[in-house]
Amino acid sequence: QVQLAESGGGLVQAGGSLRLSCAYSGHTFLINFMGWFRQAPGKEREFVAALGASDFSTYYADSVKGRFTISGDNPQRTLDLIMNNLIPEDTAIYYCAAGDGIYSDSMYGYWGQGTQVTVSS
C-alpha cells in the first residue's frame, strides 16, 4: 500500500504561480511512476504531468507544457508540481497518484485526496 497526501492548493490570480506538494509513504517500491491529474467541474479527470520513479523522466500534457514543472525528492518522499503563468482553465481539483502508468489514470493504483486550485481572471 502507498499513501499520498497533497498540499499547496489555493486561490491565485491569472498569471500567478502555485506549488503543489505530495507526501508519499508506505510500500514505495511498488511505484514506477508518480503523476498529477486534475478534474474540473463537469469534466473528466485528465493527465497533467508524470515522473519516472527510477530515471526521473518527465512527461507533460500539452496544455501545461512550458508552464508546469514536476519534480521529486526521494529522500524526503515528496512530489512537487510547480505551476507558473496560471490561467483560469487550470482551475480544478489536483490529485497526486502513484502506479505503473504515465498518461492513463487507470494505470495508477494509489491516489491522494486532492487539493483545490482556483485561478481567477
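All values derive from a computational prediction rather than experimental measurement.
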### Task
Report yes if some heavy atom in the side chain of R38 is under 4.5 Å from a heavy atom in the side chain of S63; otherwise report no.
yes
### Query
L51, L18: one ILVMFWY side-chain cluster at the under-4.5 Å cut-off?
yes
### Message
Between I82 and V117, is there shared hydrophobic-cluster membership here, with clusters defined by ILVMFWY side-chain heavy atoms closer than 4.5 Å?
### Response
no
### Task
Report the distance from atom CE of M34 to atom OG of S71, rounding to the nearest 0.5 Å.
11.5 Å
### Message
Other residues, nucleotides and ligands only: do more than 12 of their heavy atoms fall within 6.0 Å of CD on Q76?
### Response
no
### Task
List the steps, then state whether side-chain contact (heavy atoms from CB on, under 4.5 Å) holds for V64 with M83.
CA-CA 8 Å; V64 307; M83 306 184 293; over 6 Å; no
### Task
Work out which heavy atom in Q39 is nearest to a heavy atom in K43; give both atom names and the distance.
NE2-O, 3.1 Å
### Message
To check you understand the geometry: which heavy-atom pair defines the closest contact between A14 and S121, and what is its length?
### Response
CB-CA, 4.3 Å
### Query
Hey, what do you get for OG (S25) to CG (L4), rounding to the nearest 0.5 Å?
7.5 Å
### Query
Of the options I93, T91, D90, which is the one that meets T118 in a side-chain contact (heavy atoms from CB on, under 4.5 Å)?
T91
## Note on the structure
Closest non-hydrogen atoms of S21 and D80, given as atom of the first, atom of the second and distance, are OG-OD1, 2.9 Å
### Distance (rounded to the nearest 0.5 Å) between T69 OG1 and L81 CG
8.0 Å
### Task
Examine F68 and F33 and state if one hydrophobic cluster contains both, with Ile, Leu, Val, Met, Phe, Trp and Tyr joined whenever side-chain heavy atoms are less than 4.5 Å apart.
no
### Message
Tell me every residue that passes salt bridge (charged side-chain N to carboxylate O under 4.0 Å, His left out) with R77, counting only those two or more places apart in sequence or in another chain.
### Response
none
### Query
Cluster question for you: counting only ILVMFWY and a side-chain heavy-atom cut-off of under 4.5 Å, with indirect links fine, are L79 and Y95 together?
no
### Query
Is there side-chain contact between R45 and W111, with heavy atoms separated by less than 4.5 Å?
yes
### Message
Quick one, F47 and D105 - any side-chain contact, counting heavy atoms below 4.5 Å?
### Response
no
### Query
Looking at side-chain heavy atoms only, is the closest gap between W36 and E6 below 4.5 Å?
yes
#### Entry: Y110 and Y24, any side-chain heavy atoms less than 4.5 Å apart
no
### Query
Can the ring centroids of Y108 and F37 be said to lie less than 6.0 angstrom from one another?
yes
### Cluster check I102, L30: I/L/V/M/F/W/Y, side chain < 4.5 angstrom
no
### Query
How about Q13 and L86: do any of their side-chain heavy atoms sit closer than 4.5 Å?
no
